[in-house]
Amino acid sequence: MTVHTPPPPGPPIGLLVELTHRCPLGCPYCSNPMALERPGAEIDTETWKRVFSEAAALGALHVHLSGGEPTARRDIAEITRHASQCGLYTNLITSGIGVGQKLMDELVQAGLDHAQLSFQGADKETNDRLGHYDGSWERKRAFAAMVTRAGLPLTINAVIHRVNLHQVSAFIDLAIELGARRLEVAHTQYYGWALANRAALMPPRKAVEESIALVEEARKRLEGKLVIDMVIPDYYARYPKPCAGGWGRLAINVSPSGKALPCHAAESIPGLEFWNVRDRSLSDIWRDSPAFRAFRGTDWMQEPCRSCERREIDWGGCRCQALALVGDARATDPACHKSPHHARIAALAAAEAEANAGGEAIRWRSFKQKVEA
Ligand code: SF4
Ligand code: FES
């Protein structure tokens with residue numbers, strides 16, 4: 001792919017590392033690719049340490065230790081310690097399953113700064129069903145207690161969709177009960193697994209609007225007690241989100257096998273060449289990797305983005321969504337009302353939300369999932 005792009009605007013702010021795709025849960029909206037990377041392909045401890053050293057030298061400020069389930073790696077405490085010693089702010093993004101007090105103590109001693117804990121539902125039945133794991137409710141609550149006892153800040157992540165959208169209030173109560181300082185209420189983003197399950201997960205517009213109003217009211221009521229972030233569903237938006245903060249502008253994702261990606265779904269775009277941290281330094285990747293250069297800046301844009309006054313605000317939205325829904329990664333994200341495909345996408349969402357509500361089969365995330373071409 002021939003590209004003419006400006007150099008990176010500055011260093012990446014952060015790194016999101018998928019340390020492993022192993023995970024005890026089977027969430028149907030998982031952000032990992034459908035072609036999950038096998039444990040045998042994972043890069044080793046020393047390579048992760050080098051990557052963190054390079055990230056810090058490059059000017060990055062924080063690292064999100066994610067997965068799959070990052071604590072499935074036996075070296076999680078060692079990896080965390082190295083990132084912390086490099087001066088990076090360390091955030092563990094976890095299901096909370098499999099972390100006992102011993103590992104928690106090791107993580108705290110290693111310098112862990114923050115924990116982000118997912119809940120799939122705001123009650124036991126919904127949580128265990130949507131995470132596809134019986135007993136996860138109790139384990140998550142135990143993890144939250146360990147985090148707050150250790151004095152670490154806790155964020156609760158709640159991905160919402162048609163099945164659990166009625167629980168937004170209950171998620172807010174749960175976050176307060178568990179002593180979280182922050183709650184992220186994120187409407188499902190439809191890539192990969194979530195796209196495959198879209199018919200089962202897409203909520204109706206009215207319920208989405210109610211959830212937004214409810215969060216706005218709670219924000220005011222709980223000011224100073226709980227910060228609530230909200231991610232709005234693309235299909236009902238007027239403007240798209242600046243996906244990944246703009247392609248190749250702020251962040252680097254690294255897959256379990258070491259592929260450096262501009263966003264978590266970048267591999268869904270054919271023709272991109274991803275460099276691997278095994279072979280290249282992070283600084284070379286950030287500056288010169290063909291994948292990072294492909295949609296950096298605005299030179300690649302077509303109309304209506306090319307002449308739009310918001311082109312350096314939302315950076316044309318999401319490349320992966322443009323490809324998935326319009327068939328062209330350079331197209332305007334159809335979440336934007338200026339896209340010629342916007343009305344069709346909104347109508348499709350409404351139709352899916354109303355048809356057979358609750359009756360669709362769910363494809364649970366798993367290594368055994370057959371990947372469709
Ligand atoms: Fe953003 Fe492009 Fe829509 Fe303008 S036309 S608002 S740049 S997605
Ligand atoms: Fe890839 Fe949005 S997920 S650009």
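Atoms within each ligand, like the ligands themselves, are counted from 1 in listed order. All residue numbers in this chain count up from 1 along the given sequence.
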Notebook entry, point to check: With backbone taken as N, CA, C and O and side chain as the heavy atoms from C-beta onward, which portion of Cys263 lies under 4.0 Å from ligand 2: side chain, backbone, both, or neither?
Noted result: side chain
Notebook entry, point to check: With a 4.0 Å heavy-atom cut-off (strictly under), which part of Ser339 contacts ligand 1: side chain, backbone, both or neither?
Noted result: neither
Notebook entry, point to check: Quick one: does Gln321 get a heavy atom under 4.0 Å from ligand 2?
Noted result: no
Notebook entry, point to check: Can you list the atoms of ligand 1 that are under 4.0 Å from a heavy atom of Arg310?
Noted result: 6 (S), 7 (S)
Notebook entry, point to check: Looking only at side chains, do Gln109 and Asp105 share a donor and an acceptor under 3.5 Å apart?
Noted result: no
Note to self: Any donor-acceptor pair under 3.5 Å linking the side-chain atoms of His21 with those of Ser255?
What the structure shows: no
Next item on the list: State whether Cys336 contributes an N/O/S atom found under 2.8 Å from atom 4 (Fe) of ligand 1.
Entry: no
Check: Counting from 1, what ligand 2 atoms have a heavy atom of Cys243 closer than 4.0 Å?
Finding: 2 (Fe), 3 (S), 4 (S)
Note to self: Between Arg310 and Trp315 (side chain of the first, backbone of the second, donor and acceptor by atom type, cut-off under 3.5 Å), is there such a pair?
What the structure shows: no
Check: Is the distance from atom 1 (Fe) of ligand 2 to the nearest N/O/S atom of His264 under 2.8 Å?
Finding: no
Next item on the list: For Tyr239, counting its heavy atoms only, list the atoms of ligand 1 lying under 4.0 Å from any of them.
Entry: 6 (S)
Notebook entry, point to check: Which of the atoms of ligand 1 are close to Cys308, meaning less than 4.0 Å from one of its heavy atoms?
Noted result: 4 (Fe), 5 (S), 6 (S), 7 (S)
Next item on the list: Measure across Thr298 and Glu312 and return the closest heavy-atom pair with its distance rounded to 0.1 Å.
Entry: CG2-CG, 3.9 Å
Notebook entry, point to check: Have Glu54 and Ser281 got a donor and an acceptor in their side chains that come within less than 3.5 Å?
Noted result: no
Note to self: Using heavy atoms and a 4.0 Å limit, tell me yes or no: is Thr332 in contact with ligand 1?
What the structure shows: yes
Next item on the list: May I ask you to identify the nearest protein heavy atom to atom 4 (S) of ligand 2, giving residue, atom name and distance to one decimal place in Å?
Entry: Arg319 N, 3.4 Å
Check: Would you say Cys305 reaches atom 3 (Fe) of ligand 1 with an N/O/S atom under 2.8 Å?
Finding: no
Check: For atom 6 (S) of ligand 1, what's the nearest protein heavy atom and its distance?
Finding: Asp314 OD2, 3.3 Å
Next item on the list: Please report the closest heavy-atom contact between Ile76 and Thr80, naming both atoms and the distance.
Entry: O-OG1, 2.7 Å
Next item on the list: Check the pair Gln120 / Tyr29 against side chain to side chain contact (heavy atoms under 4.5 Å, CB included), numbers first and verdict last.
Entry: CA-CA 10 Å; Gln120 285 66 43; Tyr29 47 73; 3.4 Å; yes
Margin query: Keeping Asp333 on the side-chain end and Gly316 on the backbone end, is there a donor-acceptor pair under 3.5 Å?
Written below: no
Note to self: Does the structure place the NZ or CZ of Arg81 under 6.0 Å from the centre of the six-membered ring of Trp48, at an angle of no more than 45° from the ring's axis?
What the structure shows: no
